[in-house]
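Before any comments, here is the structure.
The figures here come from the full heavy-atom set of this structure, side chains too, leaving out hydrogens, waters and symmetry mates.
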Amino acid sequence: MRKKNIMKVNKTAIIAIFLFAIITLLRVFNHIPWYDEAHAWTIAEQLNPVDMFWYVKSEGHLFLWSLLLMPFAKTNFLYPNSMLLLNWIFCLWAVCLLWWKAPFNNWIKFLITFSFPFLACYSVVARCYAIGILLLFALTALYKDKLNHPVLYSILLVLCANTSVIALFGATIFGILFLYDWYQEKPKVEEKSLILSGLILLFGIIIVGLQVFTIDYSIIVERAPDAPALLLRNIFIYHNFIVNTALLVIFSIPLFWYIASSKKILFFLITTYTMLFYLVFARYGANFWHSYFFYIYLIIALWLVEVLKPVKSKLRTLALVIFAIISILLFRPVMETKNYQYVFYNTVSKQLIHLINSDEKLKSSQILHNNPEIYTLLPYAKKDNLKFKNYCSFANDDYNLLYVVKNNACVRGNAVGQAMKYPEIFKNYLNQPTYAFINKTKNPKMSSTLVLGSDFVIYFSKYKCSDEYCFWRVDLLQK
């Protein structure tokens, strides 16, 4: 009988994973990277490992994802498919680990697999989150036996901590619990393993510290004023703040009551949620790809409770039913037109590259920019040897990275505004034929304008437009 049940579980897992792989692959091959996906590729392509290590901290992420992209980006290998498939593989492995190791029943695993975060977000959008989820799941699966494999667990902790700040939260608490249990049961652990694990963790603390504690936090964008309301307005039922708030309160009480059966797991969930709340509400805004980590950490907490405190009770049943309802509600964004378009509807980059390549003047000139949208072009531009220049970077800096500039020293997305504010600096870029890339919503009523310098004039004239953007010719004239 036991053998038959195992066979049945395996068949269910194979079918679910196969469906997940097919659906997400179709989405991957119909996804054009949006700007921060493309920018990660540009970082990996333009910087060496040392410079990349120091740069990515201003991105709010750590270095591992950019390091993994580097071999593909340096050789310009099959962009964007190589990047998208690498991310997809990490998410697929995370789903496989869930089916293989998580102690949930098949329905719970199925609902997790086909929720929006896995089916339509982390499997498709190629950022550092999928690898972070994979490593968090690996830490969860190994948690009960971590002292039997301290070296492996230490390596996983260090890798996970270096994927993103959001995964760093979980890795930090896993690390604290690991050290606590290690201290409690130190005589049971082999001395050589203790020393090696300690060295690995020390190395991890140093490299994470160098990245996190050297960030100038004054340059990080503060939260949108309505970040808490935005999250509550959209978390379950789209655009329904009151219903979502009521559901969240109703769901939270039995879930936290059940998780409180283990003090360690309650500590894990409260601390990770506290750090997430700070990130989402006080620092970086309620972007959905960040907010869905509340769901990821809830999965991990329930997984740990099921492993460490497997109690059959009405409270357990209620908690898992509520979790199933949450997972079902999180399928809703898959079908939402707005959410789908926001993530996947981005064909602008290919249109603009075609527009530039079909115009000899644009193709042979320098194009000044400081638009997030331009970063979707840069990996394609590299293939065609197009010349882009970020006017917020240094005059002798040929990197096209998304610089974060302090004290409003950059007029974002509007080269005309930048020239007006800093004409002497802007003049330094105009030593060759130049066009400026500007959103149509900027300067909508102008077709040309003059910017006066001390002994020169910068003349902007609208040259050619797509549906959303315009290229302006920029000429430097002497008075």
Side-chain angles (χ1 to χ4, degrees), residues 31-88 90 122 124-132 159 161-168 207-208 210-212 214-217 219-221 284 287 289-290 346 349 353 367-394 396-406 410 412-413 437:
H31 172 58
I32 298 172
W34 29 307
Y35 84 87
D36 50 356
E37 294 174 82
H39 190 231
W41 180 276
T42 302
I43 292 169
E45 185 270 320
Q46 296 211 10
L47 300 182
N48 62 49
V50 175
D51 288 341
M52 179 267 295
F53 177 87
W54 292 110
Y55 175 82
V56 292
K57 63 186 181 183
S58 66
E59 295 266 296
H61 301 299
L62 289 92
F63 75 96
L64 186 59
W65 174 243
S66 295
L67 186 67
L68 292 171
L69 285 180
M70 196 166 277
F72 304 99
K74 291 292 187 191
T75 56
N76 202 15
F77 181 70
L78 296 178
Y79 177 85
N81 291 330
S82 57
M83 176 180 71
L84 295 172
L85 284 172
L86 182 64
N87 177 80
W88 175 82
F90 288 137
Y122 298 127
V124 179
V125 180
R127 298 295 284 118
C128 53
Y129 305 116
I131 185 174
L159 290 174
N162 281 283
T163 57
S164 69
V165 170
I166 298 178
L168 172 62
I207 60 172
V208 168
L210 286 173
Q211 294 171 88
V212 173
T214 58
I215 295 174
D216 181 356
Y217 285 96
I219 67 176
I220 303 296
V221 178
Y284 210 66
N287 297 317
W289 50 93
H290 300 147
N346 180 7
S349 53
I353 284 291
I367 297 174
L368 293 178
H369 70 92
N370 182 258
N371 305 64
E373 296 83 3
I374 209 75
Y375 294 99
T376 66
L377 274 68
L378 292 178
Y380 301 107
K382 179 71 176 177
K383 297 176 186 177
D384 299 323
N385 295 316
L386 302 177
K387 293 182 285 185
F388 288 88
K389 180 71 179 176
N390 185 337
Y391 60 72
C392 289
S393 64
F394 304 104
N396 61 349
D397 186 354
D398 290 328
Y399 295 148
N400 265 295
L401 304 181
L402 187 59
Y403 284 86
V404 183
V405 185
K406 294 177 67 173
C410 178
R412 297 191 180 283
F437 176 81

How many angstroms lie between [atom1] in [X] and [atom2] in [Y], if you round to the nearest 0.5 Å?
| X | Y | atom1 | atom2 | answer |
| --- | --- | --- | --- | --- |
| Asn81 | His31 | CG | NE2 | 11.0 Å |
| Glu37 | Trp65 | CD | CH2 | 9.0 Å |
| Lys74 | Gln46 | NZ | CD | 8.0 Å |
| Phe90 | Tyr129 | CZ | OH | 15.5 Å |
| Phe53 | Gln211 | CZ | CD | 4.0 Å |
| Asn162 | Leu168 | CG | CG | 8.0 Å |

(Q) Run Phe388 and Thr42 through side chain to side chain contact (heavy atoms under 4.5 Å, CB included) and show every step you take. (A) CA-CA 12 Å; Phe388 288 88; Thr42 302; over 6 Å; no
Q) Any sub-3.5 Å donor-acceptor pair from Ser82's side-chain atoms to Phe72's backbone N or O? A)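 Here the side-chain-to-backbone pair does not exist.
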Looking at every non-hydrogen atom in both residues, tell me the closest pair between [X] and [Y] and how far apart they are.
| X | Y | value |
| --- | --- | --- |
| Trp41 | Leu69 | N-CD1, 4.1 Å |
| Asp51 | Asn48 | N-OD1, 2.7 Å |
| Ala73 | Glu45 | O-CG, 3.4 Å |
| Ala130 | Tyr122 | CB-O, 3.6 Å |
| Leu62 | Ser164 | CD1-C, 3.6 Å |
| Ser66 | Ile43 | OG-CG2, 4.2 Å |

Q | Residue pair Met83 / Pro33, side-chain heavy-atom distance below 4.5 Å | A |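 The answer is yes, as the side chains (C-beta and beyond) meet within the 4.5 Å cut-off.
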Q.
Run Val125 and Asp36 through side chain to side chain contact (heavy atoms under 4.5 Å, CB included) and show every step you take.
A. CA-CA 10 Å; Val125 180; Asp36 50 356; 5.6 Å; no
Q: Quick one: do Ile367 and Lys387 satisfy side chain to side chain contact (heavy atoms under 4.5 Å, CB included)? Show the steps, please.
A: CA-CA 6 Å; Ile367 297 174; Lys387 293 182 285 185; over 6 Å; no
